[in-house]
Amino acid sequence: MESQYNPKEVEEKIYQIWEESGFFNPDKLPGKRPERFTIIMPPTNANGRLHVGHALTITIEDIMIRFQRMRGKLTLWVPGADHAGFETQVVYEKKLEKEGRSRFKMKPQELYDEIMKFTLENKIYMENDTRKLGASCDWSREKFTLDQSVISETQETFRKLYRDDLIYRDYKTVNWCTKHQTSLSDLETISIEKKDKLYFIKYGPLTVATVRPETIFGDVAIAVNPKDPRYQKFIGQIIEIQHLEKKFSLIILGDNDVDMAFGSGALKITPAHDHNDYNMSVKHKLKRIVVIDQFGKLNEKTGKYAGMKVNEVRQKVIEDLQTLNLIEKIEDYTHAVPVCYKCKTTIEPRLMPQWFVKMQPLATMAAEIVRAGKIQFIPNNFKKIFLYWMDNTIDWNISRQIVWGISIPAFICKNCNRGILDSDNKRNEPCVCGGAFVQDTDTLDTWFSSGQWPLLALGYPHTANMDFYPTDVMESGSDLIFRWIPRMVFLGLYLKKEIPFRTIYLHGMVNDQQGEKMSKSKGNVISPIDLVKKYGADALRISLVIGNTPGTDLSLNENKIKGYKHFCNKIWNATRFVLTNIEGVDLDTRKPVLTVRDEEILKELKKVVENVTDNIENFRFHLAGEELYHYFWHNFADIIIEEMKPRLTQDNNNSKQAAQWILLEVLITIIKMLHPFIPFITEEIWSRLPIKNRKLLMIEEWPKIENKI
RNA sequence: GCGCCCUUAGCUCAGUGGUAGAGCGUUUGCAUGACACGCAAAAGGUCGUAGGCUCGAUCCCUACAGGGCGCACCA
């Protein structure tokens, strides 16, 4: 054995041995394994290389899988590749931009084919990176979110929800990104604080406060609070006003949602360009006038302002209103504005016909199951967050105006925008309005399909793998507590009438050394594969786990990884010492007569086995890892080995044999327990230990807790 | 505004109702037959502040301060 451990020489070789063994696949695992343990890997975005966050996901899941496999369970870990709809399309659009091209000049099919090619290329990188981290997942069951079976089953779910009246098509204001030319769900927007002006504009006898004067062309009403003494008398009146290019008739209505204390207490209602105003229009049956087009420019209904962009026209409108002496005052105003989470373009709420999932019945179902304690959250406070969202959810817009996704299985009337299922076979019949139907060109929100992932990854509705459902643990980043987790819960319940997983384990974000979020634009992204090259996969894995509690963000410090590289080296050298000193002793050597101290050592070891097992079972991987680290270094290496040294050189045959036996026994036990954390070096060491009828360490039995060690 | 989390050694963080732990860093001494990616030792904290429950609190409760994150927005 060399005096230094060299991960480069070991890792690739070991992974190949594992993969060829077939043991990643539960069908090929030896022995009777009555209990199952299943994890569905969050499908990894196949649009680039792995992020350190992925490395954390893979490590934690691999620890659970390897532990349970050694505990004798029938373990299945299904890997997946995500086409990642909008995310990938955004990545690809950037690529097109660099090449001086634009998606808007391409035929949809041409764009789709190019992104598919790009994704399939990246998928291979992603898979190989996953292998480099030691993931013992069943590649034979890998699923891609655009596999034909996934597409067809996702579309089938759409049809089922439609027939159950849980999907509908309607005109509503949606979050429109003028750059990406698609609508987005609420979860795909973020709000940023923005300094704006609050303009007080005269509307006949009233004054209205607004930050968006450019939308006045779409005004249909003014709302006041019915309790407001200033305005009560106007409620129900229709006022005629002349603003710039246009003469308006606006009804003044009373609504309790109007805050008397804000602005002037009177609110202009523009239902086509504001979510709240839209809701107001539903309540009060108001018409909706679209005055801003899909590019964020005013349309032909705005006279001389037509064609101007929202931001430019705002100033112009104010100037013109000032000329007419219609501006009462202007105040500074800071508020949060929703922007596209990818390009930060201000969201333009826009009235559009879209498909929506009716959330209330589904959310209620999910909340009930969680309240009943059927799903365990780790850490527990995410349960509250989950329930808050379920109790306050609004209908989910699932149409996206992008090509990279699963197409919506529906026909749309060209005339009235009514939508029907494609399977209803009425395409050739005219719509009730007399219009003709065409295939819907929109695609489904990527979370609509990934929300069914635990089922789809197991091949639902085919029954072959359904014994693995419900799965045991869903492990993912805490950022997906809204975006993904709830959707899996209610879609799983809806489709299969069963929870998709028993436990949700959420890890925190991996940030840079300063605790800043890693992002390409900041240039602080650390590649896990570079770290693997530098320190070895084992060192990276264990440093991501130790000192990292669930749900808490982690500041990644390279020195820490270096420290655990040293730990690997320590293990290597302790093993080297044991192997060169145990002579003929092997695992089958009969237990010699032990000293009192030897028995004490075994007792301590037994305690470690108990603690580590308990901690892993209860998802406290950081404690299990830390205990193993300390036991190995500061007990086994520092104390036990040092104590045994004199006994190894003496002539007392029995004491010597006992020392040798103890050294091997402790080493073997601890190597087994370290395996889930640092699988490569432990498997390599295993292959060098004196064992007859050697199996791979990955399928060795976990140290027993009771009876003999 | 609402909600969640955090505040412990220089840094990054564990942890426990009974007078504090790790890694890295720092200081000192060691080439001790596994390992200098090492060994031996040491310095370093009134566990955010103020109250409360308790025989006893860093840990439980309350308030406050500072930091982070999420959600929602009043136009």
Side-chain angles (χ1 to χ4, degrees), chain A residues 1-6 186-187 189-191 193 196 198-201 208-213 215 219 222-225 255 257-270 273-277 280 333 335-338 379-389 392-394 478-479 481-483 508-509 511 513-517 535-536 539 542-543 546-549 551-581 620 622-623 625-627 629-630 633-634 637-638 641-642 645 648-649 663:
Chain A
M1 257 174 114
E2 317 70 40
S3 68
Q4 283 185 11
Y5 172 61
N6 186 350
D186 294 276
L187 295 171
T189 69
I190 51 173
S191 15
E193 196 155 272
D196 268 316
L198 185 62
Y199 303 97
F200 289 73
I201 305 173
V208 154
T210 181
V211 281
R212 299 206 60 188
T215 64
D219 288 352
I222 292 172
V224 298
N225 193 302
D255 193 296
D257 285 348
V258 178
D259 181 353
M260 288 187 270
F262 186 85
S264 63
L267 171 62
K268 75 187 199 64
I269 302 296
T270 321
H273 297 290
D274 182 280
H275 299 312
N276 289 324
D277 293 4
M280 208 71 100
Y333 182 51
H335 63 151
V337 180
N380 193 248
N381 63 296
F382 280 105
K383 182 175 175 175
K384 268 189 214 167
I385 297 173
F386 179 98
L387 287 173
Y388 180 84
W389 195 69
N392 292 282
T393 184
I394 58 169
S478 56
D479 54 335
I481 179 68
F482 296 125
R483 217 170 272 168
M509 302 292 97
N511 296 325
Q513 201 169 339
Q514 277 71 41
E516 300 268 339
K517 196 170 181 170
Y535 305 102
I542 198 164
S543 64
I546 293 182
N548 186 7
T549 42
T552 310
D553 291 356
L554 178 77
S555 304
L556 188 68
N557 185 332
E558 264 198 62
N559 273 335
K560 185 176 174 189
I561 308 174
K562 200 169 138 195
Y564 288 107
K565 179 182 185 287
H566 295 172
F567 177 52
C568 290
N569 200 53
K570 187 78 186 176
I571 297 170
W572 187 256
N573 276 291
T575 303
R576 201 155 70 102
F577 175 81
V578 173
L579 288 181
T580 50
N581 283 288
R620 296 184 293 255
H622 60 298
L623 294 182
E626 200 176 339
E627 178 152 7
Y629 176 94
H630 280 266
W633 200 313
H634 301 299
D638 288 352
I641 286 183
E642 293 304 324
K645 276 180 182 172
L648 293 168
T649 51
L663 283 177

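Fair warning: this is a prediction, and the values are worked out from it, not measured in the lab. Throughout, a chain's letter reflects where its sequence line sits, starting with A, and its residues are numbered from 1.
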What about [X]: does its side chain form a donor-acceptor pair under 3.5 Å with the base of [N]?
X        : N     : result
A/Lys560 : B/C24 : no
A/Glu627 : B/A14 : no
A/Lys565 : B/C37 : yes

Side chain of [X] (C-beta onward), nearest among [options]:
X        : options             : answer
A/Ile641 : B/A72, B/A34, B/A14 : B/A34
A/Asn559 : B/C24, B/A14, B/C37 : B/C24
A/Lys570 : B/C4, B/A22, B/C35  : B/C35
A/His566 : B/A14, B/A34, B/G38 : B/G38

> On RNA chain B, nearest-nucleotide positions of A/Thr210 versus A/Gln4: which is more 5'?
Replying inline: A/Gln4
Separation between the [atom1] atoms of [N] and [M], rounded to whole Å:
N     : M     : atom1 : value
B/C13 : B/A50 : P     : 25 Å
B/C69 : B/C53 : P     : 37 Å
B/G21 : B/U58 : P     : 15 Å
B/A36 : B/A31 : C1'   : 8 Å
B/G45 : B/U19 : C1'   : 14 Å
B/A22 : B/C4  : P     : 34 Å
B/U16 : B/G56 : C1'   : 14 Å
B/U7  : B/U49 : P     : 13 Å

>> Taking pairing as Watson-Crick or G-U wobble with both contacts under 3.5 Å, can you name the mate of B/G33, or confirm there isn't one?
In response: none
> How are the rings of A/Tyr564 and A/Tyr629 set relative to one another: parallel (under 30°), tilted (30 to 60°) or perpendicular (over 60°)?
Replying inline: perpendicular
> Contact class for A/Glu642 (heavy atom, under 4.0 Å): base, sugar-phosphate, or nothing?
Replying inline: base
